[in-house]
There are 2 protein chains.
Amino acid sequence: MRVTIAEVARRARVSKTTVSRVLNNKADVDAATAVRVREVIAATGYIPSAGAVGLARGVTRTVGMLVPGLTPPWLGELLQGAADVVESKGYGLLLSTAHRGAAALDEFSRRVSAKAFDGLLLVEPPDALRHLRVLHDSGLPVVLVGDRVRHPAFPSVGADNRQGGAAAARHLLGTGRTRLATVTGPRAAGCTADRLNGFNDAVRAAGLTLDPRLIIEGEWTSESGEAAIRQLLASGPAFDAVFAHDDLTAAGVLAALHATGRSVPGDVAVVGFDDIPLAAHTQPPLTTIRRPLRDMGAAAAQQLLARLGGAAPPEGPTILPTSLVVRGSTTVHDGH
Amino acid sequence: MRVTIAEVARRARVSKTTVSRVLNNKADVDAATAVRVREVIAATGYIPSAGAVGLARGVTRTVGMLVPGLTPPWLGELLQGAADVVESKGYGLLLSTAHRGAAALDEFSRRVSAKAFDGLLLVEPPDALRHLRVLHDSGLPVVLVGDRVRHPAFPSVGADNRQGGAAAARHLLGTGRTRLATVTGPRAAGCTADRLNGFNDAVRAAGLTLDPRLIIEGEWTSESGEAAIRQLLASGPAFDAVFAHDDLTAAGVLAALHATGRSVPGDVAVVGFDDIPLAAHTQPPLTTIRRPLRDMGAAAAQQLLARLGGAAPPEGPTILPTSLVVRGSTTVHDGH
DNA sequence: CTGAAAGCGCTTACAG
DNA sequence: CTGAAAGCGCTTACAG
């Protein structure tokens with residue numbers, strides 16, 4: 001039999017009101033009374049029912065997190081960052097997946113409507129338009145996380161993709177490369193243009209120009225990286241470096257280069273983006289632009305909790321800096 | 001203003017009881033009445049408050065999931081498998097991390113006590129003894145998932161590690177290797193002995209014996225794999241194959257072999273365990289024993305939901321078969 | 001077939 | 001400093 005506040009009150013010979021007061025550290029409770037109540041609480045191991053407290057207070061102390069799926073390699077760090085702050089503030093994290101498509105999203109919408117959580121972290125939300133508007137109208141506090149999708153109506157946290165693209169170009173140029181190829185993300189992704197523009201900026205700043213025939217659209221997969229390189233090798237202009245817009249694509253680039261007998265970084269240098277776990281274990285290890293994924297998750301969670309605490313939403317998007325991680329795919333002196 | 005059951009009842013000119021009845025598809029509601037109520041529900045977009053329903057029914061329709069952290073590379077698939085079944089049954093998934101140590105576990109224990117969920121999925125639970133016993137006594141339905149920790153008091157889902165170890169040995173022997181080295185997991189992990197025993201079984205069945213000097217204890221990291229190989233190369237007997245007890249360790253093995261000028265699979269063949277995303281992208285790609293992680297997550301979730309539905313817990317642990325995935329680290333004919 | 005009432009386990013004015 | 005009562009939004013015997 002679960003012990004309830006009524007039971008505690010009875011044993012401490014006070015009213016439920018008083019128990020509630022000491023539970024919530026309200027002032028105006030006689031010291032001796034408070035001690036007695038606390039003793040009973042300790043003795044019985046009483047913990048208030050989350051559901052009952054939630055109903056009475058109109059609040060769940062839970063935040064929802066909608067992710068596109070649980071298998072993207074960059075997701076773990078982001079989730080961990082968010083989980084750490086959410087948990088440390090005593091909130092629960094209710095995880096939902098858009099993985100099963102429309103059915104999953106409908107399920108999810110029901111939970112939103114059922115007030116199953118106080119606020120929402122949206123990671124690269126799919127099918128943005130439709131659901132996002134509904135969310136906004138629902139008044140539920142929402143924070144977007146990620147670089148693919150942005151929406152003016154919501155606060156968001158992402159990485160500095162333009163700066164990252166520029167860093168990639170500068171590093172490549174710095175190692176003496178001049179004919180730079182790029183395998184981008186899908187055009188539809190918000191970060192693709194940023195990474196490309198940053199890259200282009202740095203190239204022009206060095207007095208060079210990008211050959212448009214060396215820019216291939218990828219789709220965040222190693223297969224697309226492989227295909228891009230094979231295509232370039234078969235019928236494109238020569239190149240001595242490749243900037244892939246993510247590490248998975250870069251892994252495909254590496255594989256295609258290896259399969260066709262090119263040496264890395266001897267013949268071609270390769271830079272990726274993200275710094276997922278895999279990046280350190282390719283052969284050679286991958287130089288990459290690191291997205292601060294854990295910090296992104298943490299920042300988003302912090303913003304959301306601040307809003308739940310009554311803070312005003314930040315004006316613009318929050319952009320965290322990326323950093324260059326140099327490994328063997330661009331230089332032989334990587335200290336590995 | 002959120003619409004409540006009272007509001008629906010008023011508009012449909014019935015009692016809350018009747019609305020509740022049609023909500024829960026009880027029989028004995030006049031067809032016309034039901035239609036009218038449903039119309040109001042549709043028109044208002046009414047969704048019952050999860051918290052209120054939970055309090056009234058004594059049930060949350062949420063399952064908790066405690067993971068050691070969110071960054072292990074094998075976790076994504078497992079989580080996805082669990083999330084798919086949990087979500088498809090209309091349950092929520094409340095994720096907790098043991099990542100921040102004792103403080104996180106205490107937070108977590110509070111949620112257990114607060115009845116924040118109906119059942120619990122425990123992934124490789126840390127600090128098993130103490131918390132597990134408390135959980136068991138609490139009467140909360142629990143299912144364990146993973147291969148490192150097992151506990152007789154709980155139903156569990158894992159992979160067939162012994163069979164996996166045997167498959168690794170048979171494959172290696174089949175490619176003509178005879179001097180087999182092993183980098184195991186930590187001795188404390190339950191699966192380490194199983195993988196080693198299975199490996200040993202198959203070796204003996206082939207009329208050979210394992211050289212104990214070629215068995216090194218690792219710790220599930222690429223660093224430990226690298227160190228093991230360097231040690232073997234420096235002062236151990238010769239070997240022409242390595243079975244690493246997980247893919248991360250195998251990646252370290254590959255790196256050490258490469259750094260010391262050994263060719264894979266020419267000089268040494270390498271087999272890993274798990275088949276994490278990284279395995280397909282090492283150079284050469286890693287032959288490995290695949291754990292059915294997604295199926296494991298799904299099976300555990302299914303068992304848990306079945307118990308919540310009143311089913312009796314299964315007697316023994318549920319053991320899912322592993323499978324051999326052949327790639328370039330053991331054979332040049334990998335079709336890659 | 002339908003509704004009034006009690007109850008789930010808390011919190012929060014309101015009185016004293 | 002303390003308690004009785006109402007209320008959060010549902011469900012569920014119990015009566016009719």
Side-chain angles (χ1 to χ4, degrees), chain A residues 1-38 40-41 44-62 90 92 110-118, chain B residues 1-38 40-41 44-62 90 92 110-118:
Chain A
M1 197 53 229
R2 207 185 132 67
V3 20
T4 67
I5 196 175
E7 173 70 11
V8 173
R10 186 175 325 122
R11 297 207 194 187
R13 316 200 128 273
V14 295
S15 68
K16 295 187 296 173
T17 306
T18 294
V19 176
S20 178
R21 277 196 269 257
V22 350
L23 238 24
N24 299 291
N25 298 309
K26 307 269 187 200
D28 297 334
V29 177
D30 179 84
T33 309
V35 168
R36 185 154 35 95
V37 171
R38 270 187 247 280
V40 175
I41 289 175
T44 56
Y46 169 69
I47 305 272
S49 150
V53 174
L55 183 57
R57 274 216 266 255
V59 138
T60 62
R61 286 231 125 207
T62 296
R110 284 188 69 85
R111 292 201 169 260
V112 173
S113 311
K115 288 263 177 246
F117 35 75
D118 300 339
Chain B
M1 197 53 228
R2 208 184 132 67
V3 18
T4 67
I5 197 175
E7 173 69 11
V8 173
R10 186 174 327 121
R11 297 206 196 187
R13 316 203 129 270
V14 295
S15 68
K16 296 187 296 175
T17 306
T18 295
V19 175
S20 177
R21 277 196 269 258
V22 350
L23 238 25
N24 299 291
N25 298 308
K26 308 268 188 199
D28 297 333
V29 177
D30 179 84
T33 308
V35 168
R36 185 153 36 93
V37 172
R38 270 188 245 280
V40 175
I41 289 175
T44 54
Y46 169 68
I47 305 270
S49 149
V53 174
L55 184 56
R57 276 216 266 254
V59 139
T60 62
R61 286 232 125 209
T62 296
R110 285 189 68 85
R111 294 203 166 259
V112 173
S113 310
K115 288 263 175 246
F117 35 74
D118 300 341

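Reminder, nothing fancy here: chain letters follow the sequence lines and each chain counts from 1.
Residue B:Ser20 is in base contact, counting any heavy-atom pair closer than 4.0 Å across all strands shown. Residue A:Ser49 is in sugar-phosphate contact alone, with no base atom involved, counting any heavy-atom pair closer than 4.0 Å across all strands shown. Using a 4.0 Å heavy-atom cutoff across all strands shown, B:Thr18 reaches sugar-phosphate atoms only and no base atom.
Taken residue by residue, residues 21-28 of chain B places heavy atoms nearer than 4.0 Å to DNA chain C at B:Arg21, B:Asp28.
DNA chain C is contacted by both B:Leu55 and B:Val14; B:Val14 maps to the nucleotide lying nearer its 5′ end (nearest heavy atom per residue).
Following rounding to the nearest Å, B:Ile5 (CD1) and C:dG3 (C1') show an atom-to-atom distance of 13 Å. Look at CZ on A:Arg36: it is 12 Å from C1' on D:dC1, rounded to the nearest Å. Spacing between atom CZ of B:Arg2 and atom C1' of D:dG9 amounts to 9 Å, rounded to whole angstrom units. If you take NZ of A:Lys16 and P of D:dA5, they are 11 Å apart, rounded to a whole angstrom. With rounding to whole Å, B:Arg10 atom CZ is found 14 Å from C:dG3 atom P. In this structure, CZ of B:Arg13 is placed 16 Å from C1' of C:dT2, rounded to the nearest angstrom. One interatomic measurement links the two molecules: CZ of B:Arg57 to C1' of C:dA6, which rounds to 18 Å at whole-angstrom precision.
Contacts of B:Arg21 classified as side-chain contact (heavy atoms from CB on, under 4.5 Å), with partners at least two apart in sequence or in another chain: B:Thr17, B:Thr18, B:Lys26, B:Val29.
Of the possible polar contacts, none joining the B:Arg11 side chain to the B:Ile41 backbone as a donor-acceptor pair under 3.5 Å is found.
Closest non-hydrogen pair, A:Ser20 versus A:Ile5, comes out as N-CD1, 3.9 Å. Residues A:Pro48 and B:Ala114 come closest through the heavy atom pair O-CB, 3.6 Å.
Looking at the side chain of A:Val53, the nearest of the listed nucleotides C:dT12, C:dC1, C:dT11 is C:dT11. Among the nucleotides D:dT12, D:dA5, C:dT11, the one closest to the side chain of B:Thr17 is D:dT12.
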- Pairs counted as Watson-Crick or G-U wobble with both distances under 3.5 Å: what dot-bracket string results for DNA chain C, using | for bases tied to another strand? |||.||||||||.|||
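Between the side chain of A:Thr33 and the base of D:dT2, no donor-acceptor pair under 3.5 Å is found.
Within the 4.5 Å cutoff, the side chain of A:Tyr46 has no heavy atoms near those of the A:Val40 side chain. Contact check for A:Thr33 versus A:Val22: no side-chain heavy atoms found under the 4.5 Å cut-off.
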- Begin with the C-alpha distance, continue with both residues' side-chain angles, and end with the deciding distance and a verdict on side chain to side chain contact (heavy atoms under 4.5 Å, CB included) for B:Ile47 and A:Val112. CA-CA 9 Å; B:Ile47 305 270; A:Val112 173; over 6 Å; no
- Please walk me through it: do B:Arg36 and B:Val14 pass side chain to side chain contact (heavy atoms under 4.5 Å, CB included)? CA-CA 10 Å; B:Arg36 185 153 36 93; B:Val14 295; 4.0 Å; yes
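Contact check, A:Ser15 against D:dG3: a side-chain N or O comes under 4.0 Å of OP1 or OP2.
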